[in-house]
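Quick notes on the structure that follows.
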Amino acid sequence: SWNIMIQAYARNGRVEAARCLFDKMSERDVVSWTALITAYARNGHGEDALELFRQMQLQGVEPDKVTFISVLDACAGMSAVGEGMENHATVVERGFEMDAVVSNAVVNLYGKCGRPDDARHAFDKMPQRN
């Protein structure tokens, strides 16, 4: 499938090839959008990840937990604490903070953004710690 190909390109650092495939898709779902957002976030293109996330929302595609993990990682990678805090608030509103991987992404965000008190607060609220 297109999504698997995008993910494969992303894992190999071929973000431009992943974007090219994404742009050729006639229909995109949350998995498609998240695959490319993740590719950008993991390969040091945080701004592109966040811009794609905005476009996704404008297209009416609802982000899921996996999307927010990558968005929070993109924010952490750029030390974009303001945008990270906004997305953290959305995570809480949607009840995603109960997911251990999402909670770890929140702790990571605050830690990388030089906010140890917020990181500790997020850590203390984690439903399970491993």
Side-chain angles (χ1 to χ4, degrees):
S1 85
W2 290 85
N3 293 336
I4 292 171
M5 292 171 59
I6 290 170
Q7 292 168 347
Y9 279 130
R11 263 185 264 158
N12 291 303
R14 298 188 58 203
V15 181
E16 289 179 20
R19 180 61 194 242
C20 189
L21 279 177
F22 179 85
D23 288 342
K24 290 179 182 178
M25 293 177 74
S26 58
E27 290 185 33
R28 301 176 188 115
D29 59 13
V30 67
V31 176
S32 312
W33 288 92
T34 300
L36 191 55
I37 290 167
T38 302
Y40 282 137
R42 288 188 179 164
N43 288 284
H45 302 280
E47 287 286 344
D48 292 325
L50 296 179
E51 178 56 33
L52 191 64
F53 179 62
R54 287 183 205 96
Q55 290 174 18
M56 172 184 170
Q57 292 176 300
L58 289 172
Q59 293 293 318
V61 178
E62 284 294 315
D64 61 14
K65 289 186 282 193
V66 179
T67 311
F68 279 106
I69 292 165
S70 293
V71 168
L72 291 167
D73 286 347
C75 292
M78 300 184 322
S79 295
V81 72
E83 192 148 3
M85 291 174 82
E86 289 173 19
N87 283 293
H88 178 203
T90 304
V91 161
V92 171
E93 287 171 17
R94 294 183 184 205
F96 293 158
E97 72 177 336
M98 292 296 138
D99 181 271
V101 181
V102 175
S103 294
N104 281 326
V106 172
V107 171
N108 181 56
L109 164 74
Y110 290 124
K112 285 188 174 179
C113 290
R115 308 278 301 243
D117 292 341
D118 290 327
R120 180 60 196 221
H121 181 71
F123 177 79
D124 289 342
K125 290 182 72 177
M126 290 175 73
Q128 51 182 300
R129 298 177 196 119
N130 53 23

Taking the side chain as every heavy atom from C-beta outward, state whether [X] and [Y] have any pair of such atoms under 4.5 Å apart.
X      : Y      : value
Trp2   : Arg28  : no
Arg42  : Val15  : no
Val106 : Lys125 : no
Leu72  : Cys75  : no
Tyr9   : Glu16  : no
Phe22  : Trp33  : yes
Leu21  : Met25  : no
His45  : Arg19  : no

Verify side-chain hydrogen bond (donor to acceptor under 3.5 Å, both in side chains) between His121 and Tyr110, making sure each step is shown before the conclusion.
CA-CA 10 Å; His121 181 71; Tyr110 290 124; over 6 Å; no
Let me know which of Val31, Leu36, Thr34 forms a side-chain contact (heavy atoms from CB on, under 4.5 Å) with Asn3.
Val31
Closest heavy-atom pair and its distance - [X], [Y]:
X      : Y      : value
Lys112 : Ser79  : O-OG, 3.6 Å
Thr38  : Ser70  : OG1-OG, 2.5 Å
Met126 : Ser103 : CG-CB, 3.6 Å
Ala10  : Ala18  : N-CB, 4.4 Å

For Asn108 and Asn104, indicate whether the former's side chain and the latter's backbone hold a donor-acceptor pair under 3.5 Å.
no
Would you list the atom pairs, donor with acceptor, under 3.5 Å between side chains in residues 49-61 and any protein atom, with sequence neighbours excluded?
from: Glu51; atom 1: OE1; to: Arg54; atom 2: NH1; distance (Å): 3.2
from: Glu51; atom 1: OE2; to: Gln55; atom 2: NE2; distance (Å): 3.4
from: Arg54; atom 1: NH1; to: Leu50; atom 2: O; distance (Å): 3.4
from: Arg54; atom 1: NH2; to: Glu83; atom 2: OE1; distance (Å): 3.2
from: Arg54; atom 1: NH2; to: Glu83; atom 2: OE2; distance (Å): 2.9

Looking just at side-chain N and O atoms, do Asp29 and Ser32 make a donor-acceptor pair shorter than 3.5 Å?
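Yes.
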Just checking, is any N or O donor in the side chain of Asp64 or Thr67 under 3.5 Å from an acceptor N or O on the other one?
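Yes - a donor-acceptor pair under 3.5 Å links their side chains.
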Linked, directly or transitively: [X] and [Y] (ILVMFWY side chains, under 4.5 Å):
X      : Y     : value
Val107 : Met78 : no
Val66  : Val92 : no
Val81  : Phe68 : yes
Val30  : Ile6  : yes

Spatial distance of atom CG (Leu109) from atom CG (Asn87) [nearest 0.5 Å]:
9.0 Å
Just how far is it from atom CE of Met5 to atom CZ of Arg14, taken to the nearest 0.5 Å?
10.0 Å
With sequence neighbours excluded, tell me which residues meet salt bridge (Lys or Arg N to Asp or Glu O under 4.0 Å) with Asp117.
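Not a single residue meets the salt bridge (Lys or Arg N to Asp or Glu O under 4.0 Å) criterion with Asp117.
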